[in-house]
There are 2 protein chains.
Amino acid sequence: METLETRELRYFVAVAEELHFGRAAERVGVAQPPLSRAIQQLERRLGVTLLERDRRGVSLTAAGEVLLHEGRAALDAATAAVRRTRRAAGGADGRGGPGGPDGSRERLVLAVKAGAFHELLQRLLDAYAAEPGAAEIEVLPSGTCEQEAMLRDGRADVALMHKPFNSLAGFDSEELTTEGQIAILPAGHPLAARETLTLADIAGIPGLPLARWPRNGVFPPGPGPEVDDQTQLAQLIALGRTAAVFPETARAWLWAEHAAVPLTDAPPVVTHIAWPAHSRSLALAALVRTATRLAPPAAA
Amino acid sequence: METLETRELRYFVAVAEELHFGRAAERVGVAQPPLSRAIQQLERRLGVTLLERDRRGVSLTAAGEVLLHEGRAALDAATAAVRRTRRAAGGADGRGGPGGPDGSRERLVLAVKAGAFHELLQRLLDAYAAEPGAAEIEVLPSGTCEQEAMLRDGRADVALMHKPFNSLAGFDSEELTTEGQIAILPAGHPLAARETLTLADIAGIPGLPLARWPRNGVFPPGPGPEVDDQTQLAQLIALGRTAAVFPETARAWLWAEHAAVPLTDAPPVVTHIAWPAHSRSLALAALVRTATRLAPPAAA
DNA sequence: ACCCTGTGATACCCGCCGGGTATCACAGCC
DNA sequence: GGCTGTGATACCCGGCGGGTATCACAGGGT
C-alpha cells in the first residue's frame, strides 16, 4: 500500500478548498503547472478521479470530498506530531527516560475560549499548581470554538470545552460543570426588568437582533450584527444595538450598562475538559484528576 | 511550520520500533545509510534529539517517544485517507455529487471480532438491509481487539466493540447491549456443576490455568496456555487443559465438551457500535440508527 | 466576428535530493 | 589481534519536483 506524502495531501487539500489551481498554487507556494501535475499523479496513483475539471472551474467528486476530509485529518495529525515532539523536547532537552523524574518540568498547553472560565480556570490552575510534580501550564486563548482544531493539530494538549457548542467527537473528555444560560441585554431595555425570559421572548425582538459569531470562519445568515470577539459584542450590547445568550458564568465580564436575565428554556451548557484520545502524558492525567475533583459533575 | 513527509515518519517509526537501523532499513525497503541520513536530517529539521545512539544499540529519548506515538497516529490517518478515498470511488466511480442519489450503492466495512456477535450481527445486517437505500455492508472479521486499529487506518468504517476490552477513545460510539460473563470450563470439571461462580473461584485452580490472548502482539505473562484464536481455545478447553471467561453470548459457539457457568462478579461487557469521529457518511448514520433501534441500551 | 481574459494542461529544462555502493570508526568478544 | 556487528561517512547517479514558456479552449465584451 503506497502511502501519500503529506506534500501531496497539502496540494490536494489546497486545490479542493480553493477549487482553483492558480490560487491553490499561490497558497502552497509553488507555480501552477507543478501543482496540476502533482494532482494528476495523485489521481493516477490512487486510480481515482478526484476533481471534475469542467473548463472554467473545478469541482470535487464524491471521492475527492472524502479525500478532502481524510486528508485534513491526516495533515492535522502530522503537524500535531511535530508540534508535540518539539514541545516534548523544549523543556526537557530530550534526555531522560520517559516517565523518569529527571527534574525537568513538563509543559502542557491548555486551550480555553478567550474570556470564559474566569473563576473555574483560576481555581483549576491554583489547585493544580499545588499538586506535587505539577507540570507548567500554558494557557492558550482560542477563538470561538477553535479549541477542537487546536487539539487536533497539536497547538494544545488539553482544552476546556462547552458541550453544545464544541463537539467532543474524537477526544477523550470528562464532564466538569453544568450551568444554565442567561440573556445579556442592554441595561435600559424593557426586557431587562424581567425576572426570567424564554428563547422565544428574545428571538424576534424588533430592533434588538441577536449578534452573530463566525462559525468556521463564516457568519451564519441573519439580521444581527457580526462580531468577532467579546469586546465588540459587549460594546454593541452596551450601546443597545444587540443582545446575546451566554452561559451563566459570563456574568463575570458584564459591564455596568449590561443586564443579565436567566433563560428558562435554553439548553444547559456543560463544561468538559478534553484531550486527544491517544495522549499518554502523566501530567495531563493529573490535571484531569484535579479538574474533576475540583468541579465534580452535578453532585457526584 | 514545516510539516514532516510521511516518508520521514515511516522511517522514524520503523527505527523507533526496531531500535536497530539495519532491521528498520530492511523493513522500509531501503539501504541502511540513507536511513541514517534521513533520521539525522529529521532531527536537524526538528531541532530535537530523537534517538540516543549509544554505540551498540539505539534508545528513544522522551521526545522520540512522543514522535513515535504521534507519528503512528499520523501514518494511520494518511493510510486511512487513501483507503477510504479508494473505497469511496470503488463502487461509485467517483462521479455524482456527494449525497446525491446516483444509483450507486455505498459500501461500508464493518469490523467485528471474529466469532462474536452471531445473533446480534445477523439481526443487525438483516434489519439494515431492509432499510431503504441501505449501503452494502462488508463484514470484516478482525483479530483480538484489532478493531480499533482497523478504524484508525481506514480498513474499516465502523466496528462492533466490547467495552472493557476495546478502548473507545478517539471514536464516536453508541451503546448497544450489556451482558454478563460466563466461565467456560471442560464439561467434566468439578466446577462445571456449580450454579454460579466468582472470579476468585476460577482464579487459582491448580491444573486449570486461564488461557492467555495476545495483547498488541505479545502474550501477557502467566501460567496459562497461549492461544491465538477461538478454535485453539475451544479445543484446549474440551481437552480439559484450560478455562476461559467470555461474554454470555459466547454460548453460541460452545461445544458439547464445554460447560458454561455464570460469573456473578465479573464486570459486565457492554457492546458498542463505534466509528471514526469525523465520519460524514449518511449510510453509516443509518446503520447506527438501525443498531440502536434494534438493541436499545438497557431499557431506553 | 474579433480579440482579450482567464482557466487548466503541456512541453521542456534544470538542480536537488533520495537512494545506492563502498568504506570507515568503534565496541565487544572469542 | 582479528572477527563481527553496529551506525556514520563519502561519493556518485538518476529521477523527480520545481520553474518558465506556451498551448488549448471557453466566455464575454465591443
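Quick note on labels: first sequence line is chain A, next is B, and so on, each numbered from 1. These values consider heavy atoms only, across backbone and side chains, with no hydrogens, waters or symmetry-generated copies.
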Looking across every strand, which nucleic acid part, if any, lies under 4.0 Å from [X] by heavy atom: base, sugar-phosphate, or nothing?
X	result
B/E8	nothing
A/R7	sugar-phosphate
B/E5	nothing

Salt bridge B/R72-B/E17, side-chain N to carboxylate O under 4.0 Å: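 Here B/R72 pairs with B/E17 in a salt bridge, since their nearest N and O are under 4.0 Å apart.
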
Hey, is the side chain of [X] poking within less than 4.0 Å of OP1 or OP2 on [N], counting only N and O atoms?
X	N	answer
A/R37	D/dG18	no
B/Q40	D/dT9	yes
B/S36	D/dG7	no

Nearest-Å distance for atom pair [atom1]/[atom2], residues [X] and [N]:
X	N	atom1	atom2	answer
A/L51	C/dT7	CG	P	16 Å
A/L42	D/dG17	CG	C1'	14 Å
B/Y11	C/dG18	OH	C1'	7 Å
A/E26	D/dG18	CD	C1'	17 Å
B/F21	C/dC26	CZ	P	18 Å
B/E18	D/dT6	CD	C1'	15 Å
B/L35	D/dA8	CG	P	10 Å
A/R10	D/dG18	CZ	P	9 Å

With B/T85, the side-chain contact (heavy atoms from CB on, under 4.5 Å) member among A/T61, A/L68, A/V66: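 Filter result, single survivor: A/V66.
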
5' precedence on DNA chain D between A/Q32 and A/G29 (nearest-nucleotide basis):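 Here A/G29 is the residue nearer the 5' end.
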
Residue met sooner reading DNA chain D from 5', once A/P34 and B/G22 are mapped to nucleotides: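 The residue mapped nearer the 5' terminus is B/G22.
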
B/S36 and B/Q32: side chain donor to acceptor below 3.5 Å: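 Yes.
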
Donor + acceptor pair across side chains of B/T6, A/E5 (<3.5 Å):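 Checked: B/T6/A/E5 side chains pair up, N/O donor to acceptor below 3.5 Å.
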
Whichever of B/R45 and A/H20 has its nearest DNA chain C nucleotide further upstream toward 5':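 Per heavy-atom nearest nucleotide, the more 5' residue is A/H20.
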
A/T79 side-chain N/O to A/D76 backbone N/O, donor-acceptor pair under 3.5 Å: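 Side chain of A/T79 to backbone of A/D76: a pair is present.
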
Closest nucleotide among C/dA9, D/dG7, C/dT21 to the A/R53 side chain: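 Given the options C/dA9, D/dG7, C/dT21, the side chain of A/R53 is closest to C/dA9.
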
